[in-house]
Amino acid sequence: MAETSYLLELSDYQNKNSKININSNEGMLTNYSFIHIIHILYTYFVLINNNNNNIYSVYDVVEQVILSLLDCSRKREAGELIDLLKLKFGKDSVRVQRLQAMLYECQNVYSRANEIYSNILEKYPADMLSMKRQIAILKSNGNYSQAITLLNTFLQIFMGDFEAWLELASLHIRLLSYRNAAFCYEELILIQPINHVLYSKYADIIYSIGGADNYIVALKYYTHSLELNISNEPNNSYPPTNLSSIYGIIMSMYAYCNSSGGSLAKLNEHQIELYNWAQNELKQITSKYSPTKLPLVTAFINSTNIKQQD
Amino acid sequence: MIEETIVLDTSIRNWVVIPILFVLFIVSALKSNIAGLMSQTERKQNLQNVMEVQTLMRARRLAANYNRIPSFSFNMRKAYFTNKESGLFALKENNAPSNPMGALGNAFKDQSGMTDMLKGNIVNVVPQIGLMTWVNHFFSGFVAVKIPFFPLTIRFKTFLQRGIELSSLDVSYVSSLSWYFLCWFGLEGINSLLLQERPILNEQLLQSTVEQGLPPQQTPVHQLYTSERENIELIQHESLMDNVEQRYLYKLQNKSMPTKPTPTTSSSSSSSIDQQSVY
């Protein structure tokens with residue numbers, strides 16, 4: 001009975017696909033519905049296969065389904081689907097081999113997975129995805145320094161890879177080497193120059209390095225992040241999304257005034273004005289969207305008041 | 001003048017029009033299969049090539065967005081690319097003269113690209129030439145079809161009556177060679193409908209993501225490197241962040257920046273940001 005109901009739901013799988021996209025964009029996908037959707041797609045695939053009505057584009061979906069199954073660590077179903085793909089495309093297909101290796105990873109048999117990736121790389125030295133998986137294995141083993149080394153060699157070749165730089169940055173942050181992480185974020189900024197999140201993150205890292213000069217740099221990057229993502233327009237239906245930059249502005253100026261080599265007198269008039277604006281903005285946003293938190297925010301603002309310092 | 005209708009023999013229909021149509025369809029069906037078979041040889045990508053392309057892209061990005069990173073970081077990257085001894089571009093340029101053939105040598109060096117091109121040409125050109133000779137040889141001088149409904153201007157004569165030099169013949173009559181051309185171009189859509197079941201071969205599909213690089217370059221890479229190096233060397237670093245606080249405050253109040261001598265790019269760049277931020 002369940003199968004027929006799925007059949008009804010799945011009269012149009014493209015439609016379904018678009019629905020999934022919408023869901024994942026909203027970020028509202030709960031774990032339950034995630035598995036549910038996987039199940040639907042899985043059943044759909046089985047139906048298609050039984051009807052002997054294969055369309056090749058289905059296999060793209062199958063690959064996605066396998067990946068999501070592995071994410072949910074449902075190894076049995078993933079294994080079944082991989083076996084189907086093996087029957088269809090043979091064992092030599094690189095993509096199928098990669099999926100098989102990912103299944104091994106999921107089963108914690110890292111050595112076999114690594115072996116498969118190495119074999120693929122021997123044959124196709126420019127296979128980016130296998131290299132990335134090898135790095136991921138090192139990372140999941142907790143072998144961060146080796147992962148960084150391998151990622152560096154990867155990035156010597158694929159230096160335009162956004163995710164790889166992001167990953168390297170997060171590994172460096174994990175090992176508290178902020179300067180290297182800052183380098184990675186500069187690279188990311190060069191790749192996506194108008195992504196405001198990167199500026200805010202970069203400022204976070206620079207702030208963490210510390211020192212009077214760096215606080216000012218952080219302040220500038222927080223401001224630029226806000227400049228790229230102005231969310232204080234009155235007709236906005238969604239809450240402001242760049243609060244961390246507003247906090248960052250206040251904090252970096254506060255830290256600057258407290259650090260050796262920096263003081264209130266050295267800030268120029270625009271920076272003071274920006275500071276006042278940030279305080280007001282923070283209060284306004286809080287009272288509008290979460291009034292219960294207002295005491296906390298007021299306490300924060302009072303405790304980071306740069307004007308009482310001297 | 002009385003329009004005299006020419007009666008076309010039914011055996012012309014049976015032995016000229018329909019065979020041409022049929023043969024053309026068969027040939028294009030075969031062609032799509034043969035093209036699939038021939039292009040199945042895998043195109044391996046070497047790491048060197050990938051790295052060169054990516055280096056160029058990275059250098060171009062640096063040249064485009066240099067004002068978004070601090071000047072210290074910019075100088076670091078500038079040195080990485082352009083340093084005389086250890087710079088990435090300098091190393092390549094010093095190695096470059098080992099290839100005296102230049103562009104030509106480079107193009108020939110990449111054998112796979114050449115053979116692919118050759119294969120594509122063979123698959124497309126050979127049947128076309130063969131069919132044209134066939135039609136020309138066997139059916140030259142036939143009036144094969146009459147276009148119904150509407151009269152055409154005299155200019156269509158060269159298009160529709162190739163192979164027949166009769167000035168008195170009405171334009172709506174189509175010669176066999178022209179019929180062949182009409183079918184050749186007109187059948188594309190019908191073919192794609194009928195032969196659609198196998199647009200990509202299955203094995204290819206599951207292997208295609210291995211190779212996602214750019215096509216082999218024709219320009220020798222050290223020339224591109226030299227131009228990029230010069231580009232980067234010419235850059236005078238100026239930061240977008242110099243007066244970002246002021247710019248932001250003005251933006252909040254919907255005022256434009258006061259034009260000072262120093263902020264040369266700030267107002268224009270902030271407006272370009274507005275346009276881009278849709279992305």
Side-chain angles (χ1 to χ4, degrees), chain A residues 54-57 59-60 63 85 88-90 92-96 120 123-130 155-161 182-183 185-187 189-196 199 202 206 217 219-221 223-224 226-230 232 249 268-271 273-275 277 281, chain B residues 42 44-51 53-59 61-62 64-70 72-74 76-77 88 197-213 239-252 270 272-274 276-279:
Chain A
N54 294 334
I55 318 160
Y56 288 115
S57 65
Y59 290 104
D60 278 341
E63 196 184 21
L85 286 186
K88 182 78 199 166
F89 298 103
D92 293 335
S93 162
V94 173
R95 251 160 103 170
V96 177
I120 295 175
K123 233 173 129 190
Y124 304 90
D127 187 17
M128 197 161 135
L129 293 172
S130 298
L155 280 169
Q156 293 237 304
I157 300 157
F158 301 98
M159 36 181 108
D161 192 306
F183 182 92
Y185 264 98
E186 280 157 12
E187 215 45 63
I189 285 173
L190 288 177
I191 294 174
Q192 291 195 358
I194 52 166
N195 188 341
H196 68 92
Y199 289 94
Y202 179 67
I206 296 290
V217 174
L219 166 68
K220 284 177 188 300
Y221 276 83
T223 319
H224 191 60
L226 277 172
E227 195 181 4
L228 292 175
N229 179 25
I230 294 184
N232 63 342
I249 285 173
N268 67 31
E269 81 224 74
H270 300 299
Q271 284 161 340
E273 200 185 329
L274 189 68
Y275 177 82
W277 171 83
E281 185 75 4
Chain B
E42 297 154 14
K44 281 194 185 177
Q45 211 172 7
N46 71 1
L47 281 179
Q48 188 67 28
N49 199 3
V50 178
M51 190 181 156
V53 173
Q54 298 254 342
T55 312
L56 278 174
M57 274 165 62
R58 191 180 174 194
R61 266 192 223 115
L62 180 66
N65 301 322
Y66 66 93
N67 56 0
R68 290 164 184 275
I69 58 175
F72 170 75
S73 313
F74 170 71
M76 198 157 67
R77 284 172 175 76
L88 207 55
E197 306 97 63
R198 34 182 316 141
I200 321 162
L201 285 168
N202 45 4
E203 288 87 2
Q204 261 176 308
L205 188 80
L206 270 203
Q207 284 174 349
S208 55
T209 47
V210 178
E211 322 290 345
Q212 40 183 250
S239 181
L240 195 64
M241 310 298 158
D242 275 345
N243 45 8
V244 64
E245 300 95 344
Q246 193 186 1
R247 200 168 67 223
Y248 181 57
L249 288 169
Y250 278 122
K251 200 174 179 181
L252 284 179
S270 65
S272 72
I273 286 163
D274 277 343
Q276 286 172 330
S277 59
V278 180
Y279 149 87

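Each chain gets a letter, A, B and so on, in the order the sequences are listed, and its residues count up from 1.
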- Message: Under a 3.5 Å distance rule, please check whether A:Lys220 uses its side chain to pair with a backbone N or O of B:Glu245 as donor and acceptor.
- Response: no
- Task: Give, for atom CD of A:Glu227 and atom CG of B:Leu249, the distance between the pair rounded to the nearest 0.5 Å.
- Result: 10.0 Å
- Going by atom types only, do B:Ser73 and A:Glu186 share a side-chain donor-acceptor pair under 3.5 Å? yes
- Got a second to check how far A:His270's NE2 is from B:Gln246's CD, nearest 0.5 Å? 3.5 Å
- About how many Å separate OG1 of B:Thr55 and CZ of A:Phe158, when rounded to the nearest 0.5 Å? 11.5 Å
- Which atoms of A:Tyr185 come close to chain B, meaning under 4.5 Å heavy atom to heavy atom: side chain ones, backbone ones, both, or neither? neither
- Item | Point-to-point distance, once rounded to the nearest 0.5 Å, from CE of B:Met57 to CD1 of A:Ile191 | 8.5 Å
- Message: Which label fits A:Trp277 and B:Tyr248: parallel for a plane angle under 30°, tilted from 30 to 60°, or perpendicular past 60°?
- Response: perpendicular
- Query: Counting only N and O atoms by type, is there a donor-acceptor contact under 3.5 Å from the side chain of B:Gln54 to the main-chain atoms of A:Met159?
  - Reply: yes
- Check: A:Pro193 main-chain N/O paired with B:Asn65 side-chain donor or acceptor under 3.5 Å: no
- Query: CE of B:Met241 to NE2 of A:His224: how many Å apart, nearest 0.5 Å?
  - Reply: 4.0 Å
- Side chain, backbone, both or neither: which part of A:Ile120 has a non-hydrogen atom closer than 4.5 Å to chain B? neither
- Task: Find out whether B:Arg68 and A:Leu190 are in side-chain contact, i.e. whether some heavy atom of one side chain is under 4.5 Å from a heavy atom of the other.
- Result: no
- Looking at A:Glu187 and B:Arg77, does any basic side-chain N land under 4.0 Å from a carboxylate oxygen? yes
- Under 4.5 Å from any heavy atom of chain A - which part of B:Arg58: side chain
